[in-house]
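As structure tokens, the structure follows; a few thoughts come after it.
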Amino acid sequence: MNKGHGANIFKYSKSGELLDFSSNINPYGPTGRVKKNIREHLDLIARYPDVSYGKLFEALERYLGADKSYISLGNGAMEVIDAAISLYENIVIFEPAFMEYEIRARVQKKNIKKINLDASFKTDVRDLDFDLKNTLVILTSPHNPSGVSLTKKEFDEIYEKVSESGGAILMDEAFHEFSSVSYDLAKEITKYKNLFVVRAATKFFSLPGLRLGYMVSNFKEKIDNHIPTWSVSSLVENLGEDLFFDEEFIISSKEKLAKSRNKLFSELQKIGGIYPLPSDANYILIKTDFDNEKLFQNLLNKGILVRKCDNYDNLGHQYIRVAVKKDEDNEKLVKALKEEENERF
């Protein structure tokens, strides 16, 4: 398996001076409050974290709207996802998907069933018409890499089918804060006994280097038994209040990035050979008529790194994915793609 990801800027630029559209991180973070907190508490790196993570759980209870008795912590989202995978014999993955789901399932020697999504990139409940006993069905909303979100009705139909058939759903909501959905599964976890909701501080709060993932489920004890002690660092443990309750940052980020996404989508639609898909996240999947390997290299030569999608199953070489960044950076991407169009035609 080609274990390639976005955000591999170090592979292409030792100086890190590339404009990185391969990594879907909120360009407005981390916030001043978070940076100040870290600077003022650097001495914490000489201490073990509080094994109970009391301050962090208290902050997450308020932020997620779920009691801490349902919340599990991990060193990034994949640690809690890996824990959930460990509880089931069979894993269902809808492709294209984040490749780490399959990697972790293979490491744990699980039975893996892959189902190809159609051009809508939405999960069809009819594709789950088979024995789901002892099965974990992995969904993402907004979907990665397409950015398509499930409606509450669509989710409930899938959940009912899976749960009644003896299975469970893992809903990866890594990009939840960027989306426009009005429902919140974390707040409703008591209604969904066979559901794992996964989020992280990585994307929206711009903290991929500090690693904090969290899961809301009715399986806290089983999940926590799989997670090593002191999985989350002392610095992260101390961030809760400044991380999750900077309302100005949260509101302004959502508003600015939604406007930037719509503007970027509109500009991309004007470029010949470029076919962007509507997105509910902070990235846009693009189908092109270009030689995408050549396109990737040409953009790289112009100081722009995009996400090739050739290692996604059920997607292929004709797609690239670009993050939504600040308007001035998005304009540089559009300009570079227009130059490619002109050179091609």
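Taking 4.0 Å as the cut-off between side-chain N and carboxylate O, Glu340 and Lys302 count as a salt-bridged pair. Taking a cutoff of 4.0 Å between a charged side-chain nitrogen and a carboxylate oxygen, Lys68 and Glu61 do not qualify as a salt bridge. Between Glu102 and Lys114 there is a salt bridge, with a side-chain nitrogen of the basic residue lying less than 4.0 Å from a carboxylate oxygen of the acidic one. By the 4.0 Å N-to-carboxylate-O rule, Asp172 lies too far from Lys203 to be salt-bridged with it. Salt bridge status for Arg62 with Glu241: present, with a side-chain N to carboxylate O gap under 4.0 Å. Note on Asp291 versus Lys294: no salt bridge recorded, every NZ/NE/NH1/NH2 to OD/OE distance being 4.0 Å or above. Remark: Lys55 does not engage Asp50 in a salt bridge, criterion side-chain N to carboxylate O under 4.0 Å.
The 12-atom threshold is exceeded at CD of Glu247, counting heavy atoms of other residues, nucleotides or ligands nearer than 6.0 Å. Within 6.0 Å of the CD atom in Glu293, the count of heavy atoms belonging to other residues, nucleotides or ligands exceeds 12.
Hydrophobic clustering places Leu170 together with Ile227 (ILVMFWY residues linked when any side-chain heavy atoms are closer than 4.5 Å, directly or through intermediates). When hydrophobic clusters are built by joining Ile, Leu, Val, Met, Phe, Trp and Tyr residues whose side-chain heavy atoms come closer than 4.5 Å, directly or via intermediates, Leu56 is grouped together with Ile250. By the criterion of side-chain heavy atoms lying less than 4.5 angstrom apart, applied directly or through intervening Ile, Leu, Val, Met, Phe, Trp or Tyr residues, Leu64 is grouped together with Phe244 in one hydrophobic cluster.
Ser165 contributes no side-chain N or O that, together with a main-chain N or O of Gly167, makes up a donor-acceptor pair within less than 3.5 Å. Between the side chain of Asp246 and the backbone N or O of Asp242, no donor-acceptor pair lies under 3.5 Å. Checking side-chain atoms of Ser22 against main-chain N and O of Leu305 turns up no donor-acceptor pair under 3.5 Å. With Lys308 contributing its side chain and His317 its backbone, the two residues share no donor-acceptor pair below 3.5 Å. A donor-acceptor pair under 3.5 Å is absent between the side-chain atoms of His143 and the main chain of Leu150, judged by distance alone. Without hydrogens or angle criteria, Asn314 side chain to Leu117 main chain gives a donor-acceptor distance under 3.5 Å. Within the 3.5 Å criterion, the main-chain N or O of Pro142 finds no donor-acceptor partner in the side chain of Ser179. Although no hydrogens or angles enter the test, the distance criterion places no donor-acceptor pair under 3.5 Å between the side chain of Ser260 and the main chain of Leu257. Judged by distance alone, with hydrogens and angles left aside, the side-chain atoms of Ser163 form no donor-acceptor pair with the main-chain N or O of Tyr159 at under 3.5 Å. Proximity of a side-chain donor or acceptor of Lys222 to a complementary backbone N or O of Ser86 within less than 3.5 Å is not detected.
Counting only N and O atoms by type, the side chains of Tyr192 and Asn218 include no donor and acceptor under 3.5 Å apart. Using a 3.5 Å distance cut-off with no hydrogens or angles, the side chains of Asn75 and Ser231 do not pair a donor with an acceptor. Of the N and O atoms on the side chains of Tyr283 and Arg307, not one donor lies less than 3.5 Å from an acceptor on the other residue. Asp224 and Ser72 form a side-chain donor-acceptor contact under 3.5 Å, judged by distance and modelled atom types alone. Counted by atom type alone, Asn37 and Asn238 present one or more donor-acceptor pairs between their side chains at under 3.5 Å. For the residue pair Gln108 and Asp82, a side-chain donor N or O sits within less than 3.5 Å of a side-chain acceptor on the partner. Judged purely by distance below 3.5 Å, without hydrogens or angles, the side chains of Asn134 and Asn90 never pair a donor atom with an acceptor atom.
By the side chain to side chain donor-acceptor pair (under 3.5 Å) test, Asp124 pairs with Arg126, sequence neighbours left out. Residues that satisfy the salt bridge (Lys or Arg N to Asp or Glu O under 4.0 Å) test with Asp129, not counting sequence neighbours, are Lys161.
In this structure, Leu337 and Leu295 have side chains that are in contact, with non-hydrogen atoms separated by less than 4.5 Å. Between Thr140 and Phe121, every side-chain heavy-atom pair lies at or beyond the 4.5 Å cut-off. A 4.5 Å side-chain heavy-atom check between Phe205 and Thr31 finds every atom pair outside the cut-off. Counting heavy atoms from C-beta on, the side chains of Asn194 and Val162 never come closer than 4.5 Å. The closest side-chain heavy-atom distance from Leu212 to Leu239 is not below 4.5 Å. Proximity of Tyr183 to Asp156: side-chain heavy atoms (C-beta onward) are nowhere separated by under 4.5 Å. Side chains of Asp310 and Asn292 form no contact here, defined as non-hydrogen atoms less than 4.5 Å apart.
Note that the CG atom of Leu18 and the CD1 atom of Ile304 stand 9.5 Å from one another [nearest 0.5 Å].
The shortest heavy-atom contact between Ala105 and Ile85 is CA-CG2, 4.0 Å. Contact detail for Ala323 and Asn330: the closest heavy-atom pair is O-OD1, 4.2 Å.
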Stepwise ring-ring contact (aromatic ring centres under 6.0 Å, His included) test for Tyr101 and Phe94: CA-CA 10 Å; Tyr101 305 146; Phe94 286 87; over 10 Å; no
Check against side-chain contact (heavy atoms from CB on, under 4.5 Å), Leu136 and Leu87: CA-CA 8 Å; Leu136 182 67; Leu87 304 180; over 6 Å; no
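Between Tyr63 and Phe245, the ring planes lie perpendicular to each other; the angle is over 60°, past the 30° to 60° tilted range. Classified by interplanar angle (parallel below 30°, tilted 30° to 60°, perpendicular above 60°), the ring pair Phe175/Phe178 is tilted.
Identified under the salt bridge (Lys or Arg N to Asp or Glu O under 4.0 Å) test for residues 249-264, with sequence neighbours left out: Lys263-Glu331.
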